[in-house]
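First comes the structure, then the notes that go with it.
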Amino acid sequence: MTEAAPGGDARSLELAQRLAAVRQRIATAAGAAGREGNLPTLIVVTKFHPAEDIKRLATLGVTDVGENRDQEASAKALELADCGLTWHFVGQLQSKKAKSVLRYAAAVHSVDRPQLVDALAKAAQAERDNTGRAPLDCFIQVSLEDDAGAHRGGVVPEEVLPLAERIATSAGLELAGVMAVAPLGAPPEAAFEKLARVSAGLVAEHPGAMAISAGMSQDLEAAVAFGATHLRIGSDILGSRPAVG
């Protein structure tokens, strides 16, 4: 007889099994990379899934969740304020949404232009004055595409250091490191190796910016092998997104 997950319902059991499988994959990948004592942070990407699922995940020990739409994220963060979760914004962000995101997010993983840095800094300063919030962790999104026509977002590697300097000199912002999405239709290893080189160049100028946000359900092993400190896993834990009625 299968032991029931916290919460006792079928969905909680399903999530517990999926989460355990992903955690095992991470542990195995870390072991293969000689990182047994240095596991990356697991961010469960919960976009399109209900707040009830996030409550179940919190009961299962998940501490970090990711969202990519501000309207959805802000509503969930408010509803789940007592769950002790750390919220990561992982999608493309309009500058006009910076003020809203600063109310709940500990980190933005998709900083990709100077105008967004300025908007986040302004919002961070206001939020710090109002609530005393901690600085916002900022990950620079790096494009790993060789073909500009296949662009999935982010700055080219040559633009990372100027953007990093802008973040590092902005009050209320903390330069965390880099983020990337592996290109579609190609083995992820080469892309994550490239990201690791970009990260090394950034750390040479900004020693505290050591974070690497990389790896999703289909390529987490490759990301761990090349030094990812944060993994963004959605479908392998939560399953297919719910049908929209």
Side-chain angles (χ1 to χ4, degrees), residues 1-32 35-93 97 100-110 133-134 137 139 179 181-182 213-224 228-245:
M1 183 175 180
T2 304
E3 183 179 351
D9 62 291
R11 179 59 169 163
S12 292
L13 179 58
E14 178 191 5
L15 291 176
Q17 292 171 335
R18 286 176 168 273
L19 180 62
V22 167
R23 284 175 168 161
Q24 183 58 56
R25 285 175 62 194
I26 294 170
T28 300
R35 296 180 54 184
E36 294 90 342
N38 183 26
L39 294 180
T41 297
L42 172 60
I43 301 168
V44 182
V45 179
T46 52
K47 61 183 181 180
F48 305 121
H49 290 272
E52 193 60 39
D53 276 352
I54 305 176
K55 288 182 183 178
R56 293 181 174 102
L57 290 169
T59 302
L60 294 167
V62 168
T63 57
D64 292 76
V65 295
E67 291 279 338
N68 72 341
R69 298 191 305 175
D70 171 62
Q71 184 174 0
E72 181 179 353
S74 58
K76 287 178 177 176
L78 182 62
E79 181 178 350
L80 303 171
D82 61 348
C83 288
L85 294 164
T86 297
W87 294 83
H88 300 254
F89 192 87
V90 299
Q92 295 301 302
L93 180 59
K97 296 290 188 179
S100 177
V101 167
L102 261 294
R103 295 193 182 109
Y104 59 86
V108 171
H109 290 239
S110 50
R133 71 152 286 154
D137 284 342
F139 292 74
M179 179 276 248
V181 179
S213 173
M216 298 188 292
S217 292
Q218 69 275 16
D219 55 25
L220 73 84
E221 286 83 2
V224 172
T229 62
H230 295 70
L231 303 170
R232 310 180 308 274
I233 311 298
S235 59
D236 275 10
I237 294 173
L238 284 150
S240 301
R241 67 184 58 171
V244 177

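These numbers come from a predicted model, not from an experiment.
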*Just wondering, do Ile237 and Leu57 contact through their side chains at under 4.5 Å, heavy atoms?*
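The answer is yes; the side chains approach within 4.5 Å.
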*Is the closest side-chain heavy-atom distance between Phe89 and Asp70 below 4.5 Å?*
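A side-chain contact exists here, since the closest heavy-atom pair is under 4.5 Å.
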_Salt-bridge present (Arg11, Glu14; N to O < 4.0 Å)_ =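 Salt bridge between Arg11 and Glu14, a charged N being under 4.0 Å from a carboxylate O: yes.
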Rounded to the nearest 0.5 Å, what's the gap from [atom1] on [X] to [atom2] on [Y]? Could you check?
| X | Y | atom1 | atom2 | answer |
| --- | --- | --- | --- | --- |
| Glu52 | Glu79 | CD | CD | 8.0 Å |
| Leu102 | Ser74 | CG | OG | 13.0 Å |
| Arg103 | Arg133 | CZ | CZ | 11.5 Å |
| Phe48 | Glu72 | CZ | CD | 6.5 Å |
| Asp53 | Lys55 | CG | NZ | 11.0 Å |
| Ile233 | Asp64 | CD1 | CG | 12.5 Å |

Taking all non-hydrogen atoms of both residues into account, name the closest pair between [X] and [Y] and its distance.
| X | Y | value |
| --- | --- | --- |
| Ser217 | Gly234 | OG-N, 3.8 Å |
| Leu231 | Ala223 | CD2-CB, 4.1 Å |
| Ala77 | Trp87 | CA-CZ2, 3.6 Å |
| Ser12 | Asp9 | OG-OD1, 2.6 Å |
| Ile54 | Lys76 | CD1-CD, 3.6 Å |
| Ala228 | Ala214 | CB-O, 3.6 Å |

For residues 38-47, which side-chain N or O atoms pair as donor and acceptor with protein atoms under 3.5 Å away, sequence neighbours left out?
from  : atom 1 : to    : atom 2 : distance (Å)
Thr46 : OG1    : Gly66 : O      : 3.4
Thr46 : OG1    : Glu67 : OE2    : 2.6

_Heavy atoms of other groups near Glu36 CD, more than 12 under 6.0 Å_ =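 Check passes, neighbour count above 12.
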*Would Phe139 and His88 count as a close aromatic pair, with their ring centres under 6.0 Å?*
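When the ring centroids of Phe139 and His88 are compared, they turn out to be at least 6.0 Å apart.
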*Set of salt bridge (charged side-chain N to carboxylate O under 4.0 Å, His left out) partners for Arg25, sequence neighbours left out*: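 Arg25: salt bridge (charged side-chain N to carboxylate O under 4.0 Å, His left out) contacts with Glu221, Asp236.
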*Without hydrogens or angle criteria, can the side chains of Ser213 and Arg232 be said to hold a donor-acceptor pair below 3.5 Å?*
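Arg232 and Ser213 do have a side-chain donor-acceptor pair below 3.5 Å.
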